[in-house]
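Here is the naming used below: chain letters follow the sequence lines, and residue numbers restart at 1 for every chain. Here the structure is a predicted model, which is why all the values come from computation and not from measurement.
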There are 2 protein chains.
Amino acid sequence: MKLKPSKPTDLSAHIAQAIRDAIVSGELIVDERLPSEAELSDQFQVSRPTVREALKRLAAQSLIRTQRGASGGAFVNKLSFEDAYSQQVTTSTLLLSMNAVSFDTACEARYSLERACAALSAERRTADQLATMRAEIFRQSQPGLTDEAFCASDVSFHRALVDGAANPVLSYQLAGAVEAMQPLMNMITFTARSREEIIALHSRIADALEARDAKAVDQALLELEAYTRQLARDVAEKRRKPN
Amino acid sequence: MKLKPSKPTDLSAHIAQAIRDAIVSGELIVDERLPSEAELSDQFQVSRPTVREALKRLAAQSLIRTQRGASGGAFVNKLSFEDAYSQQVTTSTLLLSMNAVSFDTACEARYSLERACAALSAERRTADQLATMRAEIFRQSQPGLTDEAFCASDVSFHRALVDGAANPVLSYQLAGAVEAMQPLMNMITFTARSREEIIALHSRIADALEARDAKAVDQALLELEAYTRQLARDVAEKRRKPN
DNA sequence: GACTTTTAAATGTCAGACAAATAAAAATTT
DNA sequence: AAATTTTTATTTGTCTGACATTTAAAAGTC
């Protein structure tokens, strides 16, 4: 663990980077204990608060965890899919909300990726996942449902579809694409008619998955994407000319 | 910005979460200045070092940036695609290396996602992106190339393919899948024969993109995936039984 | 009016202290 | 001797107060 780069300021950022490099390169392995804060401040020739700021940076990325007490300290954390998943969702959500990404662009990305899971999911989906999808479809058909709850159920439905591919890397990668869309979807007001349409498409997807018919899943997803984008266009249209 | 939750320890984590929530919810908007560290310590009733640790956590996630001097302070950062991209690559790389993800699983995810870009890329790829791909193919055919350089060029090639879809959200989502594979790929020793094969498939992809033939791109990617997985199997086989 | 100097505000860093948690060692009791 | 309790040492968590550095604006000067 060395620090060489140029910048004279932000010592804590440099130290964090040095430790991060050591972790990424494998110099520090999972569950290995880092030197204590006191030792680190000696090694890096900085004060303990500075070391602590560096460690908090790493903790924010789930790269380390800390434990108090004797034989405590900072340990290299095994980055779990769960941690990575939630980080990804947060990042993706902020990315979309801060960069004026058009609904079309986000929607295209989401459904392109989802279709990438379609074939695998058709092949591997479990009965359990299928049941989850059916349950979400049922929930979506309940009359009193708010738009937000409808969207949340939509996310659950699609998540089950993605998880059906039985590939944790895919599930992780898709997390951002699917969940980060929700705030954008929430801006749409779903009429009874449009809900009906979406539910019909969801049912077609579930049916196709049940029949393990990859082509049909793909086709239904294509239509769902087209319909969703049409809905968004209608909403935008109405906003512009609210009759 | 309030903090209510249960945990009594890790004040800085709570404060970071409170501010993070304020950003995600839109209570704090991009480029808005946060209260000064002194004011925050007043508001949250903690010391300045604790506030600073919280701010460093947020800085580690590129949620804020800080500026020194009068009229300086912490500002809500506009999360750029670039920042998100590199974070995603780091996270994905660590995720794969720490979770004993099989080569097959990672490879399947990567090529599934890449094929999701194939149709869009065939439709939209620019002459420039095509030229990049041709240049990388040429580089890959150079005799003196190390395996690492070959892999790096491979990543550049595929990145151009993904960027061809002209959808920044897709490019961002794919970043992890494509780049995080590199360390795994680096474990493969590429013989002259296997390089030849890969280059031939890359050429077929480039040709198909030039002809805007989505089907052909998809097919070539499928074959490339199959070949890559076969290569990995061969390597594993040789390790187990080194003649 | 243009330039220089001063000032004030803010982050960056440091030193030293105490609190709290925790595991291991030591002492005590059974 | 074993089990339990107490002590101790280590380590992170937090606080106080201070000084350095940067920066923009205000004040002063030519």
Side-chain angles (χ1 to χ4, degrees), chain A residues 1 3-20 22-23 28 30-78, chain B residues 1 3-20 22-23 28 31-77:
Chain A
M1 276 195 294
L3 46 80
K4 28 183 167 175
S6 44
K7 267 191 190 167
T9 49
D10 255 330
L11 284 175
S12 73
H14 282 169
I15 293 167
Q17 190 57 50
I19 299 176
R20 185 164 22 241
I23 295 174
L28 290 170
V30 169
D31 289 334
E32 186 172 344
R33 184 180 173 280
L34 274 69
S36 73
E37 295 175 355
E39 287 170 316
L40 286 172
S41 25
D42 270 3
Q43 279 185 33
F44 289 114
Q45 289 287 303
V46 297
S47 67
R48 197 160 80 94
T50 303
V51 166
R52 282 183 62 80
E53 287 178 9
L55 293 179
K56 294 313 168 199
R57 288 178 191 265
L58 298 173
Q61 296 177 303
S62 305
L63 292 185
I64 62 169
R65 61 178 188 279
T66 56
Q67 220 175 348
R68 297 224 277 197
S71 75
F75 297 83
V76 177
N77 198 29
K78 173 168 170 175
Chain B
M1 275 194 295
L3 46 81
K4 26 181 168 175
S6 44
K7 266 191 190 169
T9 48
D10 255 329
L11 283 176
S12 72
H14 282 170
I15 294 168
Q17 190 56 50
I19 300 176
R20 183 161 28 238
I23 294 175
L28 290 169
D31 289 334
E32 184 172 344
R33 185 181 173 281
L34 273 68
S36 74
E37 295 175 355
E39 288 170 315
L40 286 172
S41 20
D42 269 3
Q43 279 185 33
F44 289 113
Q45 289 287 304
V46 297
S47 67
R48 197 159 80 94
T50 302
V51 167
R52 281 182 63 79
E53 286 177 9
L55 294 178
K56 294 313 168 198
R57 286 178 192 264
L58 298 173
Q61 297 178 303
S62 305
L63 292 185
I64 62 169
R65 61 178 188 281
T66 56
Q67 222 175 346
R68 296 225 279 195
S71 77
F75 297 83
V76 177
N77 198 30

Participant: Name all residues meeting the side-chain contact (heavy atoms from CB on, under 4.5 Å) criterion together with B:R65; count only those two or more places apart in sequence or in a different chain, and write none if there are none.
Facilitator: B:D31, B:F75, B:N77
Participant: Does any residue of residues 47-62 of chain A have a heavy atom under 4.0 Å from DNA chain C, and if so, which ones, in number order?
Facilitator: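 Under 4.0 Å from DNA chain C: A:S47, A:R48, A:T50.
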Participant: To the nearest 10°, give me the bend of the helix from C:dG1-D:dC30 to C:dT30-D:dA1, comparing the axes of its five terminal pairs at either end.
Facilitator: 20°
Participant: What residues, two or more places apart in sequence or in another chain, satisfy side-chain hydrogen bond (donor to acceptor under 3.5 Å, both in side chains) together with A:E37?
Facilitator: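 Only A:R48, A:R52 meet the side-chain hydrogen bond (donor to acceptor under 3.5 Å, both in side chains) criterion with A:E37.
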Participant: Please list, by residue number, the residues of residues 65-76 of chain B whose heavy atoms come closer than 4.0 Å to an atom of DNA chain D; answer none if no residue qualifies.
Facilitator: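 Contacting residues: B:R68, B:G69, B:A70, B:S71.
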Participant: Do A:L40 and A:I15 have side-chain heavy atoms sitting under 4.5 Å apart?
Facilitator: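 A side-chain contact under 4.5 Å is absent here.
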Participant: Using a 3.5 Å cut-off and no angle test, enumerate the donor-acceptor pairs between side-chain atoms of residues 66-74 of chain A and protein atoms at least two apart in sequence or in another chain.
Facilitator:
none

Participant: Apply side-chain hydrogen bond (donor to acceptor under 3.5 Å, both in side chains) to A:S41 and list each qualifying residue two or more places apart in sequence or on a separate chain.
Facilitator: none
Participant: With sequence neighbours left out, write down each residue that passes salt bridge (charged side-chain N to carboxylate O under 4.0 Å, His left out) with A:R33, or none if nothing qualifies.
Facilitator: none
Participant: Among residues at least two apart in sequence or on other chains, which ones pass side-chain hydrogen bond (donor to acceptor under 3.5 Å, both in side chains) with B:E32?
Facilitator: none
Participant: Rounded to the nearest Å, what distance is computed from the CG atom of residue B:D10 to the P atom of nucleotide C:dA20?
Facilitator: 16 Å
Participant: Once rounded to the nearest 0.5 Å, what's the spacing between atom CG of B:L34 and atom CD1 of B:I23?
Facilitator: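 Interatomic distance, B:L34 CG to B:I23 CD1, rounded to 0.5 Å: 6.0 Å.
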Participant: In Å, rounded to the nearest 0.5 Å, how long is the span from CG of B:L55 to CD1 of B:I64?
Facilitator: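 Here the rounded value is 4.5 Å.
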Participant: I'd like to check the salt bridge (charged side-chain N to carboxylate O under 4.0 Å, His left out) partners of B:R57; sequence neighbours left out, ordered by chain and number.
Facilitator: B:D10
